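Worksheet: one structure, shown below.
All of these numbers come straight from a predicted model, not from anything done at the bench.
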Amino acid sequence: DGMRLDAVKHVENDFVGDFVKNLREKAGEDFYVVGEYWNQNSNEMNDYLSEVDYQLDLFDVRLHFNFHVASKAGGYYDMRKLFDGTLVMQHRDKAVTFVDNHDSQPGQALESWVQPWFKPLAYALILLRK
């Protein structure tokens, strides 16, 4: 059981942290919560996690953007840098990975679609990581 909290960066950090803590007191410690904090700045993501006392996981938006940039670069992207600045590298136990979602699709305000040729590589990297 669990829930996804949408656009958590628009909600007071104290409220989110307290909400998740109280939710787990009622639903049990294993109740899973992931937040969508659409920001690719790893410092802001790290600060947010700290401010909510690591009560929830976050989607790894920076990793998604790295996939997007790599897919647009064709064969000219340095794959050694793919995980640089990502939650996977800094807080792997708090990172929820994804390749694309409803916000990143063409025509959306946050358009950052991963090119089709790169998607199998991106999914392989997500699914085969330690």
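- Interatomic distance, CG of Asp18 versus CG of Asn13, reported as 10.5 Å (0.5 Å rounding).
- Hydrophobic clustering of Ile, Leu, Val, Met, Phe, Trp and Tyr side chains at less than 4.5 Å, counting indirect connections, unites Phe118 with Val99.
- Here Asp60 contributes atom CG and Phe65 contributes atom CZ; the two are 11.5 Å apart, rounded to the nearest 0.5 Å.
- Listed by chain and number, the residues in a salt bridge (charged side-chain N to carboxylate O under 4.0 Å, His left out) with Asp78 are Arg80 (sequence neighbours excluded).
- Residues Val34 and Ile126 do not share a hydrophobic cluster, defined by chaining ILVMFWY side chains whose heavy atoms lie under 4.5 Å apart.
- Applying the salt bridge (Lys or Arg N to Asp or Glu O under 4.0 Å) definition to pairs two or more places apart or across chains, those involving residues 26-51 are Arg4-Glu36.
- To the nearest 0.5 Å, atoms CZ (Phe67) and CG (Asp100) are separated by 10.0 Å.
- Under the side chain to side chain contact (heavy atoms under 4.5 Å, CB included) criterion, Pro106 pairs with Glu111, Trp113, sequence neighbours left out.
- Considering only heavy atoms from C-beta on, Tyr77 comes within 4.5 Å of Asn66 through its side chain.
- Applying the side chain to side chain donor-acceptor pair (under 3.5 Å) test to residues at least two apart or on different chains, the pairs with a partner in residues 82-92 are Asn46-Gln90, Asn46-His91.
- Looking at every heavy atom in both residues, Asn101 comes nearest to Trp38 through ND2-CZ3, 3.7 Å.
- Taking both residues in full, the closest heavy atoms of Arg62 and Gly85 are given as CG-O, 3.2 Å, listed atom of the first, atom of the second, then distance.
- With sequence neighbours left out, the side chain to side chain donor-acceptor pair (under 3.5 Å) criterion links Asp14 to no other residue.
- Side-chain heavy atoms closer than 4.5 Å link hydrophobic residues (I, L, V, M, F, W, Y) into clusters, and following such links, possibly through other members, connects Val69 to Leu125.
- Within 6.0 Å of atom CD in Gln105, more than 12 heavy atoms from other residues, nucleotides or ligands are found, so the atom counts as buried in its surroundings.
- Considering only residues two or more places apart in sequence or on other chains, Gln115 meets the side chain to side chain contact (heavy atoms under 4.5 Å, CB included) condition with Ser71, Lys72, Trp117.
- Residues satisfying the salt bridge (charged side-chain N to carboxylate O under 4.0 Å, His left out) criterion with Asp103, sequence neighbours excluded, are absent altogether.
- Using a 4.5 Å cut-off on side-chain heavy atoms (C-beta onward), Arg129 and Thr97 make contact.
- The side chain to side chain donor-acceptor pair (under 3.5 Å) test applied to Ser112 returns His64, not counting sequence neighbours.
- Residues passing the side chain to side chain donor-acceptor pair (under 3.5 Å) test with Asn22, sequence neighbours excluded: none.
- Evaluation of the side chain to side chain contact (heavy atoms under 4.5 Å, CB included) rule for Asn43 yields Asn41 as partners, not counting sequence neighbours.
- Leu49 belongs to a hydrophobic cluster whose remaining members, ordered by chain and number, are Met3, Leu5, Val8, Val11, Phe15, Val16, Phe19, Val20, Leu23, Phe31, Val33, Tyr37, Met45, Tyr48, Val52, Tyr54, Leu56, Leu58, Leu87; membership requires side-chain heavy atoms of ILVMFWY residues under 4.5 Å apart, directly or through intermediates.
- Cluster membership for Phe98 and Val88, using ILVMFWY side-chain heavy atoms within less than 4.5 angstrom, is not shared.
- Between the side chain of Asp57 and the backbone N or O of Val96, no donor-acceptor pair lies under 3.5 Å.
- The side chain to side chain donor-acceptor pair (under 3.5 Å) check on Tyr123 picks up nothing, with sequence neighbours excluded.
- Both Tyr32 and Phe59 are members of a single hydrophobic cluster when ILVMFWY side chains are connected at heavy-atom separations under 4.5 Å.
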